[in-house]
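Everything on this sheet refers to the single structure shown next.
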Amino acid sequence: MRYDVIVLGGGPAGLSAAVAARGRNKSVLVVGNRWQDSPLARAERVDNYLGLPGVTGMELLEQFRRHAEEMGADFVLGRVISLMAWNGFHLTVGSELYEGETLVLAPGVVRQAKYPGEAEYLGRGVSYCATCDGMLYRGKPVAVVGRSGDAPREAAYLKSLGCQVVYVAPKRPTALEPDIPFLQANRLEIAGAQTVTTLVADGAPIPCSGVFILRDAVAPTDLLPQLETLGGSIRVDRSMATSIPGVFAAGDCTGGPLQVSKAVGEGLIAALSAAEFLDRRGAESPAGGT
Ligand SMILES: Cc1cc2nc3c(=O)[nH]c(=O)nc-3n(C[C@H](O)[C@H](O)[C@H](O)COP(=O)(O)OP(=O)(O)OC[C@H]3O[C@@H](n4cnc5c(N)ncnc54)[C@H](O)[C@@H]3O)c2cc1C
């Protein structure tokens, strides 16, 4: 199915966008990590959300999610690892592809800094997705940098392909298969020539052909490199339109204040703008449909 609106991120901004887009009778797919993974879930007490002082972050998120479900939004759980803006928008989660006419980016703030060498070797040995790129490394030594909950599973998948896997993380995850070698390290650097040859972990070189960096979230600018930013945030106008036609953004990803009320308000505006974009295009097309 091709959705009218695809929302990336299931936090307050994304869920608000989903509710507003459904209110305009658009089909909506929300793609994101678990709603419990929003940073708001860690707020023990939220005192500044209008009308609901003293609520916990978890309670708010639960209500937001239920509301979006009741309005008829569809949901896909998982990390978006690639995004293509061509003939609409195509998002990849694992090996599944999802299509939409418009896109609302609501991924929050992706806080992890890049490792030295990561950007330089992206696509030349550095990958964010074992499921997508694993076959390219069949029979070769690879390092998995495990920063997400599903990283042990991805490491097991690489091993099943015949890769010689080393798992690198600050702490050994309990879900890691016992026969996958683990290396505890914090400071990482990726080195190579034309392609990756080494992961340097706390000063120790690990020879490898591929480095799979598996984080909970991928920055929107890594997903859509043509997206314009301002001061590290996605640049938007007052209709929450980004520099790419058909792409809107809302919430923490557009900059401060990093607050729920702002995220919810921007989610609403982004979705209404996406609906307007679709309606205008429908009216302009010869057939008159969206
Ligand atoms: C401890 C704490 C306390 C806070 N207390 C308050 C408070 O009292 N009042 C207040 O107003 N605000 C508070 N905040 C801030 C508030 O949580 C944020 O402003 C709000 O959550 C922003 O919503 P958002 O939808 O923009 O982003 P987020 O809530 O960050 O949601 C984005 C979601 O998208 C997911 N995502 C990102 N990239 C991808 C990807 N590539 N694939 C799949 N999923 C992806 C993320 O995992 C996340 O679940 C607090 C924050 C923290 C950390």
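These values consider heavy atoms only, across backbone and side chains, with no hydrogens, waters or symmetry-generated copies. Note that the structure is a prediction, hence the values are computed from the model and not measured. Remember, it's 1-based here, ligands and their atoms both numbered in the order they're listed.
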Less than 4.0 Å between a side-chain N and a carboxylate O, is that true for Glu101 and Lys26? no
Counting from 1 in the order shown, the ligand 1 atoms closer than 4.0 Å to a non-hydrogen atom of Leu40 are 17 (O), 21 (O)
OG-OH distance between Ser209 and Tyr137, expressed to the nearest 0.5 angstrom: 8.0 Å
Report yes or no: does Asp47 contribute a side-chain atom to a donor-acceptor pair with the main-chain N or O of Pro53 at less than 3.5 Å? no
Euclidean distance, Tyr98 OH relative to His90 NE2, rounded to 0.5 Å: 14.5 Å
Does some non-hydrogen atom of Leu8 fall short of 4.0 Å from ligand 1? yes
Checking heavy atoms under 4.0 Å, the part of Asn48 that sits near ligand 1 is side chain
Mind checking the CD1-OG1 spacing from Ile244 to Thr102? Nearest 0.5 Å is all I need. 13.0 Å
Show me the side-chain donor-acceptor pairs of residues 223-234 shorter than 3.5 Å, one per line, residues at least two apart or across chains.
unit_1: Glu228; atom_1: OE1; unit_2: Arg235; atom_2: NE; d: 3.0
unit_1: Glu228; atom_1: OE1; unit_2: Arg235; atom_2: NH2; d: 2.4

Looking only at N/O atoms, are Asp47 and ligand 1 under 3.5 Å apart anywhere? no
State the atoms of ligand 1, each with its element, that fall below the 4.0 Å cut-off from a heavy-atom position in Gly108. 27 (O), 30 (O), 32 (C)
Atom indices of ligand 1 within 4.0 angstrom of Ala43 heavy atoms, with elements: 3 (C), 4 (C), 5 (N)
Do any N/O atoms on Val46 end up under 3.5 angstrom from N/O atoms on ligand 1? no
Check whether any N or O atom of Cys253, backbone or side chain, sits under 3.5 Å from an N or O atom of ligand 1, and answer yes or no. no
Taking distance alone, with N or O pairs closer than 3.5 Å, would you say Asp216 contacts ligand 1? no
Which ligand 1 atoms, with their elements, are less than 4.0 angstrom from a heavy-atom of Gly11? 25 (O), 29 (O), 31 (O), 33 (C)
With clusters defined by side-chain heavy atoms of hydrophobic residues (ILVMFWY) lying less than 4.5 Å apart, directly or transitively, does Val166 cluster with Val200? no
Is the shortest distance from a heavy atom of Gly78 to ligand 1 less than 4.0 Å? yes
Considering distance alone, does some N or O of Val109 sit under 3.5 Å from an N or O of ligand 1? no
Which is closest to atom 40 (C) of ligand 1 by heavy-atom distance: Val7, Val76, Val80, Asp37? Val80
Quick check: does Asp252 get an N/O under 3.5 Å from an N/O on ligand 1? yes
Under 4.0 Å from any heavy atom of Val260, which atoms of ligand 1 are there? 10 (C), 11 (O), 12 (N), 19 (O)
Give a yes or no on whether a salt bridge exists between Glu118 and Arg147, defined as a side-chain N under 4.0 angstrom from a carboxylate O. no
Nitrogen or oxygen atoms of Gly251 and ligand 1 under 3.5 Å apart: no
Hey, which atoms in ligand 1 end up nearer than 4.0 Å to a heavy atom of Ala106? 32 (C), 34 (O)
Report the residue from Leu83, Leu8, Val93 that forms a side chain to side chain contact (heavy atoms under 4.5 Å, CB included) with Val31. Val93
Cut-off 3.5 Å, no hydrogens considered: what does the side-chain donor-acceptor table look like for residues 257-274, sequence neighbours left out?
unit_1: Gln259; atom_1: OE1; unit_2: Asn48; atom_2: ND2; d: 2.4
unit_1: Lys262; atom_1: NZ; unit_2: Gly251; atom_2: O; d: 2.9
unit_1: Lys262; atom_1: NZ; unit_2: Thr254; atom_2: OG1; d: 3.0
unit_1: Lys262; atom_1: NZ; unit_2: Gly255; atom_2: O; d: 2.8
unit_1: Lys262; atom_1: NZ; unit_2: Glu266; atom_2: OE1; d: 3.2
unit_1: Lys262; atom_1: NZ; unit_2: Glu266; atom_2: OE2; d: 3.2
unit_1: Glu266; atom_1: OE1; unit_2: Gly251; atom_2: N; d: 2.9
unit_1: Glu266; atom_1: OE1; unit_2: Thr254; atom_2: OG1; d: 2.8
unit_1: Glu266; atom_1: OE2; unit_2: Thr254; atom_2: OG1; d: 3.4
unit_1: Ser273; atom_1: OG; unit_2: Ser239; atom_2: O; d: 2.7
unit_1: Ser273; atom_1: OG; unit_2: Ile269; atom_2: O; d: 2.9

Pair Arg24 + Asp4: basic N to acidic O under 4.0 Å: no
In terms of atom number and element, which parts of ligand 1 are under 4.0 angstrom from non-hydrogen atoms of Arg79? 42 (N), 43 (C)
Numbering the atoms of ligand 1 from 1, which are under 4.0 Å from a heavy atom of Ser38? 21 (O), 28 (P), 29 (O), 49 (O)
Is any N or O atom of Leu258, backbone or side chain, closer than 3.5 Å to an N or O atom of ligand 1? yes
Side-chain ion pair, Arg22 and Asp74, N-O less than 4.0 Å: no
